[in-house]
Amino acid sequence: MKIIKSITEIRDIVKSHRQAGQSIGLVPTMGNLHQGHISLVEKMCRHADIVITSIYVNPLQFGKNEDLDAYPKTFEADQQKLETANCNYIFMPSSTEIYPNGNHSKTLVSVNALDGILCGESRPGHFTGVATIVAKLFNIITPDHAIFGLKDYQQFLVIKQMVIDLCLPIKVMGAQIKQKKNGLALSSRNGYLTAEQLEIAPRLNQILNIIKQNIQDGETNFREIEKQAIMIINDSGFKADYFEIRQQDNLEIATVANHKLAIFIAAHIGTARLIDNIRFELNEKTL
Ligand code: AMP
C-alpha cells in the first residue's frame, strides 16, 4: 500500500492502472477509521481492481461551531487497518492542494433538491461542502466506482444525485451501517462520548427499531409518532435535533400511503451529535 499526497502523483498512478486495464474504486473518508469504514474498503475490493482510500478532513463541510479542530486524527492506526484490508493506495492531500485559495472554494457544488432538510437544515452548507469535496475527489481520481455508507443516507443520495446531474461516469455504491452489538452505529464521533454516554447512545437505534415496528404493526399518524419520538429522545438524555419519517428514494415527507420509508434520527449527547437511520418497506423485511 502506498501513501500519496500529491494530485499529480495520484493522477499518474491512476493513468498507469487504467492503461493496464484495471478498474479504480474510491473510498472517501475523513480518517479515524473504524470497522464501518473498513467494510467499505472490503466491499470495494470485491468490485474494483485497485482501491484508493482518501483521508481528508474537509473544512468546507464543517460549520463554524462544529468539531473541525477537534476531529480525531489517527493516521498510523488508519494506515494499519487499510493495509490489512488490502487497500492499494491512501490518497491524503494537503489543504493547499485541495483549496489553493484557502479553506474555501470559489466553485461550489450544491444538490439543492436534497439540501435544506434533515442534516442539511441543521448544518447549513454541510452538503455543499460534501458535494464539492467529493466532486473534487472524483475529478482527481476519476474512479469507476465510489462507495458511501448508508449511515449517512442523505449524503449517499446527495452524491448519487450529483453523479446523475453532472453526468459523471461513476458507479456509486452504498454499504450497510456497521453497528456495535448494542445497536450503536459506529462513528468517529462516538470517541467524544464518556462511558456513561456510551451506555445511553444505543437508545437512538432502539428508538428507530421500536418506531419501525410500530409502523409495521399499523400506526399511521406519522406526524404524531415524530412528536412522541422527540419527547422520548429528550427524556433519554439527549437533546433531539430531528426525528423524521420520510420517503426512502427522494426524502420527501412520508405518509402511510408511501411504502418505501426511512426514519432519520439526529441528537446531541455531550459534545457529540449522533445520527442514525433505518430504511424499510411497509409490511416487508427491513432493507
Ligand atoms: P467519514 O469518515 O465519517 O466521512 O465517513 C466516511 C465514509 O464511511 C462515509 O461514506 C460514511 O457513510 C461511512 N461510514 C461511517 N460510519 C459508518 C458505519 N457505521 N457503517 C457504514 N459506513 C459508515
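Ligands are counted one by one from 1 in listed order, and the atoms in each one are counted from 1 as well. In what follows, every heavy atom counts, from backbone to side chain, and hydrogens, waters and symmetry copies are set aside. Index from 1, following the sequence.
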Practice task
Consider ligand 1: state whether an atom of it lies below 4.0 angstrom from any non-hydrogen atom of Q176.
Solution key: yes
What do we get for [X] next to ligand 1 when only non-hydrogen atoms under 4.0 Å count, side chain, backbone, both or neither?
{"X": "L40", "value": "side chain"}
{"X": "P28", "value": "backbone"}
{"X": "Q179", "value": "neither"}
{"X": "K151", "value": "side chain"}

Exercise for the section: Identify, for atom 1 (P) of ligand 1, the protein heavy atom at the shortest distance, and state residue, atom and that distance. Expected result: H37 NE2, 3.6 Å
Handout entry: Heavy atom of the protein closest to atom 10 (O) of ligand 1 (residue, atom name, distance)
Key = G149 N, 2.8 Å
Practice task
Take F62 and V57 through the test side-chain contact (heavy atoms from CB on, under 4.5 Å) and record every step on the way to the result.
Solution key: CA-CA 9 Å; F62 286 77; V57 182; 3.8 Å; yes
Handout entry: Centroid-centroid under 6.0 Å between Y89 and H17 rings
Key = yes
Exercise for the section: Kindly determine whether E83 and M1 satisfy side-chain contact (heavy atoms from CB on, under 4.5 Å), including the steps that lead there. Expected result: CA-CA 6 Å; E83 186 111 48; M1 188 179 69; 3.8 Å; yes
Problem - Cation-pi geometry met for R279 and Y153 (6.0 Å, 45°) - result: yes
Distance under 4.0 Å to a non-hydrogen atom of [X]: what atoms of ligand 1 satisfy this?
{"X": "F148", "answer": "10 (O)"}
{"X": "I177", "answer": "20 (N), 21 (C)"}
{"X": "H34", "answer": "15 (C), 16 (N), 17 (C)"}
{"X": "L186", "answer": "16 (N), 17 (C), 18 (C), 19 (N)"}

May I ask you to check whether [X] has an N/O atom sitting below 3.5 Å from an N/O atom of ligand 1?
{"X": "M30", "result": "yes"}
{"X": "A185", "result": "no"}
{"X": "K178", "result": "yes"}

Handout entry: Per atom 12 (O) of ligand 1, closest listed option by heavy atom (D152, I133, T29)
Key = D152
Practice task
Look at the rings of Y99 and Y56 and say which category their plane angle falls in: under 30° parallel, 30 to 60° tilted, over 60° perpendicular.
Solution key: tilted
Practice task
Please determine which of D12, I140, I141 meets the side chain to side chain contact (heavy atoms under 4.5 Å, CB included) test together with I7.
Solution key: I140
Practice task
With D276 as reference, evaluate I263, I207, L184, N205 under the side chain to side chain contact (heavy atoms under 4.5 Å, CB included) test and give the passing residue.
Solution key: N205
Practice task
Check the pair D249, K260 against salt bridge (Lys or Arg N to Asp or Glu O under 4.0 Å), reporting the backbone distance first and the verdict last.
Solution key: CA-CA 8 Å; D249 294 336; K260 284 182 83 179; 3.4 Å; yes
Exercise for the section: Could you walk me through whether I232 and F243 pass the side-chain contact (heavy atoms from CB on, under 4.5 Å) test, one step at a time? Expected result: CA-CA 11 Å; I232 295 169; F243 183 97; over 6 Å; no
Exercise for the section: Could you tell me whether D78 and K73 have a side-chain N and a carboxylate O separated by less than 4.0 Å? Expected result: no
